[in-house]
Amino acid sequence: MLDKTLTPGAFETRLYEGWERSGAFACHPESSAQPFTIMIPPPNVTGSLHMGHALTFTVQDTLIRWRRMQGRDALWQPGTDHAGIATQMVVERLLAAEGNQDRRSLGRAAFLDRVWQWKAESGGTITQQLRRLGASLDWPRERFTMDEGLSAAVREVFVTLHRQKLIYRDRRLVNWDPKLQTAISDLEVESREVKGHLWHLRYPVEGQPGEYITVATTRPETMLGDTAVAVHPEDARFATLVGKRVILPLVGRAIPVVADEYSDPEKGTGAVKITPAHDFNDFEVGKRHGVAMPTILDAEGRVFLGEIEGELRAVEGVADPDFLRGLAGQDRFAARKAIVARLEELELVEKIEPHTHQVPHGDRGGVPIEPRLTWQWYADAATLAKPAIEAVETGKTQFVPKQWENTFFAWMRDIQPWCISRQLWWGHQIPAWYGPEGMIFVEKTEAEAQAAARAHFGRDVPLERDPDVLDTWFSSALWPFSTLGWPEQTPELAKYYPGDVLVTGFDIIFFWVARMMMMGLHFKGEVPFRHVYIHGLVRDEKGQKMSKSKGNVMDPLELIDAYGADALRFTICSLTGPGRDVKLGRKRVEDFRSFGTKLWNAARFLEMNGIAPDPTWDPASATTPLARWVLDAANRATAEASAALEAYRFDDYAAACYRFVWGSFCDWFIEFAKPVFNGPDGPEKAEVMGAAQHVLGTILRLLHPSMPFVTEELWDRFGYGPEYSLIRTAWPEAVPVADAEAAHAELDWVVTLITEVRAARAEVNVAPSVTTPLLLKDAAPESLARAARWIEAIRRLGRVTEVTPLEGEAPKGVAQVVVGEATVMLPLAGVIDFAAERARLLKARGAAEGDAKKIEAKLGNADFVARAKEEVVEENRERLVAAKAEIARLDAALARIAG
RNA sequence: GGGCGCUUAGCUCAGCGGUAGAGCGCUUCGUUUACACCGAAGAUGCCGGGGGUUCGAAUCCCUCAGCGCCCA
């Protein structure tokens, strides 16, 4: 006997372990079944489950469970990525907290040992938490981007792309994070609005005492590296100065005034200082004009004079080398203050304006990034992107919703060289060895590099490996095939590549989607996935992004503890519409929990009535309208649920299930079945019981993808199959139902009758304890027959004693409702509130009249009749006839109570 | 500045050419032996504003306004 209340905590862990133990999550490479593959976008190994994960993995698990039930050989590939910067930061913090020596004094090898140790201890957090959510990942296949196999794939890809000249070394400006002291990619930089200043600085014109050109800058400290001043070629104000030189204050170096369209006459003073080694735009200007590009800040963002030392000159009232030497080694922000102060003393500051502007920050380190000229490894993203763009253009990969393709195209068509090297220790060390004479040997192993060097030099030479590692996304980009064993040709690779769908948020289109597409197409010649399903972000109930600083984060595990994983998952499905963010408050989960409870209680009621699975029961044999009706409704729900999942409409899927279970099965089928269950044994009872067990089974299967736990528990408890077997039971299909239309019409009539009677009673204030007979006026024989067949249900649900045709005159004191052709009377003399009854009838008449008028107007329009589709015109004609008939019956009813 | 999305019942959102919907909330009633995480009934809408296309517009087009996001 089921407990009175649903307690998800009582079975979730047991069921998950049962599934996992029985191998229910495993794919079957050897089977001939059509595969269905989802590659998990690997979560960060440092991560723990947050609501965004709950959303994305609920969606993925729903798809995987559904396709698995459809008989597909489902592979949901689990694993995590090594998260270079994040993990290194975590372990460095750990070392500091333990009072240990820092990474550099520990040494690379010892530090990496410590990272692996951390990974072994704490790296599996999220994979454990995913189990709480019910995620049916194929755990024995779990991969980690630093695994040997995946690392081999990384080396293979790097060496191959290098040979193809799609990976190269270059010295150009990179986004440098002075805190983490590494290059980072454009995507790891986020703009933050900062309240700063716009400093207007005077640069004296060479040889023309008292004349200045004023430049405006937000970063005065970079002036040490200025090598030009740019003005717009058509800016008349500066026309005479172009080609002249100005003296760089403090430094004393003379630098040219150049004409360049980069300078915007509308902005600042119209003249802009050019610091090629410290600004991306200035770098381009500098290249165009062939000026020097000295670096004046070191890796930690401190003033560095090494590259301008030789050019320092003392100029009276303008430049002061001794002051500059005193700045060496100072932090960039301290230097800014000192430089501004000194320039003010020299009266070279014209004015200082408050200025709010966007400053690029490193998303991990959180400090302003510093563009820096360094040697780095780059991937030729533009070349790699071309096939990826084409794959989306030709529909080989399709985005759902489609509008995200624009975002993808916009970024991919303007893609910049991808800086793939990072000055970190944790990650895939770049397989490049440096030898004498600037020779670089890119090989998969040190032995091969040495062999290559020997071949080149004709002797053994000392080689030094590049200390840097690759961007984590470089290895993530290979995930769709590296996890399947590539570069080995494995059966898994043959079967599960390309995958079916990648599920992720729009914020990740550039990271996973774009890079997996580029690498997949280049190395496999096929797209890595056919669909990209983009879902929204999880926000709080007010629509705010969840963040620790706002204090509005919700912990999915805490919600699971409180309401069960099914409640959370079903809530997520219900709220996940296309292209929309998900506003999720605790209350929403609490509300949807009641759906699970409703299902549980309905099952419990059936159990109390001896309903048990009967696989031999044949739906096609059903003869009673009730059985046929519920089977037909289940067919419809199945079709709706399947179509919704096919279209990634998780909201429609959840709504279809909800409507059917609550609105049809519980509200009407069970209520209609009660008199049958309480009645005598016989064929009718047997058939309704048969239909009940059949449809309950269908419901459990339909709901399993989104509510795996409660459905499996009920499935097992009822004995629909062995323990833990629902997960591998077939997805329902429509069953044949004879004369479904007739059953539908009959049940609709009964439902309408009961609903109308209830409404009339409620509106004329009849106490629930009062029961009445129903008198049917003008009822067709069919209606009388239906009333007779359903008398028990009508009694029960309509507070009715009996239903009889009206003989002779209508009694005094009746409440009346129109049901189809019949007028139903409830003799309620003495209890009826006549004023209320009259008002009710008038209101119904008003509604019918309003309808009739609208339709008459439509049909009176010659254009409508001539141009609208025939079936629409016909439908309106029928509706008009029905509305007029209803008005007539209501008029008669009103006349009856008038006296 | 460029692009995308949103604006429908108190709230959250479906609907996207042919009778305005759901869930929650609200009001009233209810101990009918599955369920008060329940049942019954009810109220609530210039479908953001304005123009256009159409026999017909919440739905298509234009425009304005407000909100949000992405990219510069």
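Predicted model only: the values in this text are computed from it and were never measured. Here is the naming used below: chain letters follow the sequence lines, and residue numbers restart at 1 for every chain.
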TODO: Under a 3.5 Å limit for both distances, which nucleotide forms a Watson-Crick or G-U wobble pair with B/C67, could you say?
DONE: B/G5

Open item on the list: Classify A/Thr755 by what it touches in the nucleic acid, base, sugar-phosphate, or nothing, heavy-atom distance under 4.0 Å.
Closed with: sugar-phosphate

Task: A/Glu756 side chain to A/Val817 backbone, donor-acceptor under 3.5 Å - done: no

- [ ] Answer with base, sugar-phosphate or nothing: what part of the nucleic acid does A/Arg758 contact at a heavy-atom distance below 4.0 Å?
- [x] sugar-phosphate

TODO: Select from A/Glu590 and A/Glu875 the residue whose nearest nucleotide in RNA chain B is closer to the 5' end of that strand.
DONE: A/Glu875

TODO: Answer yes or no: is there a donor N or O on one side and an acceptor on the other, between the side chain of A/Ser263 and the main chain of A/Asp260, under 3.5 Å?
DONE: no

Open item on the list: Looking at B/C38, I'd like to know if its phosphate oxygens (OP1 or OP2) sit under 4.0 Å from a side-chain N or O belonging to A/Lys598.
Closed with: no

TODO: Report yes if a side-chain nitrogen or oxygen of A/Lys674 is closer than 4.0 Å to either non-bridging phosphate oxygen (OP1 or OP2) of B/A34; otherwise report no.
DONE: yes

TODO: Using a 4.0 Å heavy-atom cut-off across all strands, classify A/Ala410 as base, sugar-phosphate, or nothing.
DONE: nothing

TODO: Would you mind classifying the nucleic acid contact of A/Glu763 as base, sugar-phosphate or nothing, using non-hydrogen atoms under 4.0 angstrom?
DONE: sugar-phosphate

Task: Complementary nucleotide for B/A34 - Watson-Crick or wobble, under 3.5 Å - done: none

Task: Separation between the P atoms of B/G48 and B/A57, rounded to whole Å - done: 15 Å

TODO: Please report, rounded to the nearest Å, how far the C1' atom of B/U32 is from the CD atom of A/Glu792.
DONE: 13 Å

TODO: Determine the contact category for A/Asp851: base if any of its heavy atoms lies under 4.0 Å from a base atom, sugar-phosphate if only primed atoms, P, OP1 or OP2 are that close, otherwise nothing.
DONE: nothing

Open item on the list: Which label fits A/Phe665 and A/Phe669: parallel for a plane angle under 30°, tilted from 30 to 60°, or perpendicular past 60°?
Closed with: parallel

TODO: Starting from P on B/C38, measure out to CZ on A/Phe592 and report it in whole angstrom.
DONE: 13 Å

Open item on the list: Is there a side-chain contact between A/Arg580 and the phosphate of B/U7, meaning an N or O under 4.0 Å from OP1 or OP2?
Closed with: yes

Task: Under 3.5 Å donor-acceptor, A/Glu607 side chain and A/Leu2 backbone - done: yes

TODO: Could you measure between the two P atoms, the one in B/G39 and the one in B/C35, and give it in whole Å?
DONE: 12 Å

TODO: Write down the distance between CD1 (A/Ile794) and C1' (B/A40), rounded to a whole number of angstrom.
DONE: 17 Å

- [ ] Write down the partner of B/G39 under the Watson-Crick or G-U wobble criteria, each distance required to be under 3.5 Å.
- [x] B/C29

TODO: Describe the nucleic acid contact of A/Arg649 in one word from base, sugar-phosphate, nothing, applying a heavy-atom distance below 4.0 Å.
DONE: sugar-phosphate

TODO: State whether A/Trp662 places a side-chain N or O below 4.0 Å from either non-bridging phosphate oxygen (OP1 or OP2) of B/G39.
DONE: yes

Open item on the list: Would you measure the distance from the P atom in B/C6 across to the matching atom in B/C60 and give it in whole Å?
Closed with: 10 Å

- [ ] Using a cut-off of strictly less than 4.0 Å, decide whether A/Ser594 has a side-chain nitrogen or oxygen near OP1 or OP2 of B/C38.
- [x] yes

- [ ] Please report, rounded to the nearest Å, how far the C1' atom of B/C69 is from the CD1 atom of A/Ile509.
- [x] 12 Å

Task: A/Lys674 NZ/CZ over A/Phe605 ring centroid, <6.0 Å and within 45° of normal - done: yes

Task: Touch class at under 4.0 angstrom, heavy-atom based, for A/Ala602 against every strand present - done: base

- [ ] Report which part of the nucleic acid A/Glu671 touches: base, sugar-phosphate, or nothing (heavy-atom distance under 4.0 Å, all strands).
- [x] base

Task: side-chain N/O A/Lys4 vs B/C38 OP1/OP2, d < 4.0 Å - done: no

Open item on the list: Using atom P in both nucleotides, what's the gap between B/A43 and B/U8 to the nearest angstrom?
Closed with: 22 Å

Open item on the list: Taking any heavy-atom pair under 4.0 Å as a contact, classify A/Lys869: base, sugar-phosphate, or nothing.
Closed with: base

Open item on the list: Just N and O in the side chain of A/Tyr658: are any of them under 4.0 Å from OP1 or OP2 of B/A14?
Closed with: no

Task: Integer-rounded Å distance: B/C71 P and A/Trp411 CH2 - done: 11 Å

Open item on the list: Need one value for A/Arg604: base, sugar-phosphate or nothing, where a base atom within 4.0 Å counts as base even if backbone is also close, heavy atoms only.
Closed with: sugar-phosphate

- [ ] Using whole Å, report how far CG of A/Leu797 lies from P of B/G30.
- [x] 19 Å

Open item on the list: Assess, by modelled atom type and distance only, whether the side chains of A/Tyr648 and A/His535 contain a donor and an acceptor separated by less than 3.5 Å.
Closed with: no

TODO: For B/G5 and B/U63, measure between their P atoms and round to the nearest Å.
DONE: 14 Å

Open item on the list: Rounding to an integer number of angstrom, what distance separates B/C11 and B/A41 when you compare their P atoms?
Closed with: 26 Å

TODO: Look at A/Arg588 and B/G25 and indicate whether a side-chain polar atom (N or O) is within less than 4.0 Å of OP1 or OP2.
DONE: no

TODO: Find out whether the Lys NZ or Arg CZ of A/Arg515 is both under 6.0 angstrom from the six-membered ring centre of A/Trp418 and within 45° of the ring's axis.
DONE: yes

TODO: For B/A14 versus B/G50, give the span between their P atoms, rounded off to a whole number of Å.
DONE: 24 Å

Open item on the list: Distance check, C1' atoms only: B/U44 and B/C26, in whole angstrom units.
Closed with: 9 Å

Task: Check: A/Arg569 side chain, A/Met707 main-chain N or O, donor-acceptor pair, under 3.5 Å - done: no

TODO: Please figure out whether A/Leu606 or A/Gly577 has its closest RNA chain B nucleotide nearer the 5' end.
DONE: A/Gly577

